[in-house]
Colleague: 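Have a look at this one.
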Amino acid sequence: MKSHAYPNFPSRTWAEVDLGAIRHNVRALKRRAPTSRLMAVVKADAYGHGAVPVSRAALDAGADSLAVVTAEEGAELREAGIEAPILVFTDLLPDGLALAERSRLTVTAHSPESAKRIVARPGLRAHLKLNTGMNRWGVDSEDAGEARKILGERLTGVYTHFASADSDEEATRRQIEVFEAILSAHDFGDALVHAANSAAALWHPSSHHDCVRPGIALYGMHPRGDGGDPADEGLRPALTLKSYVANVRVVAPGDGVSYGLTWRAEEPTRTATVPVGYAEGYRRALSGGASALIGGERRPILGRVTMDACVFGVDAEVRVGDEVVLVGGQGGEVLLAEEVARRAGTINYEITTGINPRRVERSYRNVQRS
Ligand SMILES: Cc1ncc(COP(=O)(O)O)c(C=O)c1O
């Protein structure tokens, strides 16, 4: 066998994030909602893409503000020197409200009681979230007037969130009606009005209001989660998840592979062991069905994904040190996050958000605008 220098990669498994794709997607979304502002949703470390670099790229491409879920996520952006407005979506505990005040974050009131906790801190501004049918967060219509009154001058925005903008036109239309009825029943002054997540930004123009609030589409993924091609919406996936072939062997007929020996060779089978497992965020549900790209071709997973590794069936061309693409493109082939999600019985959101940054190094391409 030809001898190779042993490869040196950033980590066992690594993620490459194309900030050019983030900028492209922000511009594409702005074209879909040309008269609205754009709030880039960068919660959960920008859906696993890295909140600071993604926020910088999104703002650079024309996003007006950012949204997170915890005060700590907002504080991280402030500490990195980001000065754009940052909205925190959820109800915060007292320590979170204190951190939000110190970090100049805008918080969300979800009830008259949470509005009272907010106005007790003189430095805080708030958006009021209205429940229009999702029934998770937000103030119900009958309490909206009271919460609005408590917030007084501190109110700078009012919003709602759709339950099924990716799948149910009728339910979304009903939520828009409820939202607009509450908006016209009270005086919200010049508060910023917003509702549209990615699906609504793409497919429900009547929900665009003053500002759209996309998350998943910023990353070039499809709002349907486990299907649909982002390219059809003019979106470009930003993340590629890579690893490498760390070991090759030939498994003899009758022998099995990985825990439980759930896959057995029928003939001498060349296999590649790849150092990615569910501790990296490569889900165990991908066992025995998914594939990865190695040498520009789809290669099937043999047996179970384990915590730290999994095994693929390969041919004689594949060598130790070859690059493996778990999500993304290689040669002419592409494995979309939507396809990987479908194989794992989940959605693209969970695939990228589940990548473990303590195991998976991230690097960035196209950091500067070209
Ligand atoms: C309140 C709120 N707005 C907007 C978004 C962005 O949603 P999407 O990623 O589907 O665009 C989310 C994410 O779940 C959210 O919780």
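Bear in mind that the values here come from a model prediction, so they are computed numbers and not experimental data. In each ligand, atom 1 is the first atom listed, and ligand 1 is the first ligand listed.
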Colleague: Hey, would you say the His209 and Phe179 ring centroids sit under 6.0 Å apart?
Modeller: yes
Colleague: Indicate yes or no: at least one non-hydrogen side-chain atom of Arg365 is less than 4.5 angstrom from one of Val17.
Modeller: no
Colleague: When you check the gap from the basic side-chain N to the acidic O, do Glu73 and Lys43 get nearer than 4.0 Å?
Modeller: no
Colleague: Once ring pair (Phe, Tyr, Trp, His ring centres under 6.0 Å) is applied, what residue pairs with a partner in residues 111-137 remain, sequence neighbours excluded?
Modeller: His110-Trp137, His127-His194
Colleague: Under 4.0 Å between a side-chain nitrogen and a carboxylate oxygen: does that hold for Arg270 and Asp315?
Modeller: no
Colleague: Do Thr13 and Tyr244 have side-chain atoms, one donor and one acceptor, less than 3.5 Å apart?
Modeller: no
Colleague: Show the protein residues that qualify under the rule heavy atom under 4.0 Å from an atom of ligand 1, listing them in chain and number order.
Modeller: Val41, Lys43, Tyr47, Phe89, Lys129, Arg136, His161, Asn197, Ser198, Arg213, Pro214, Gly215, Ile216, Tyr349
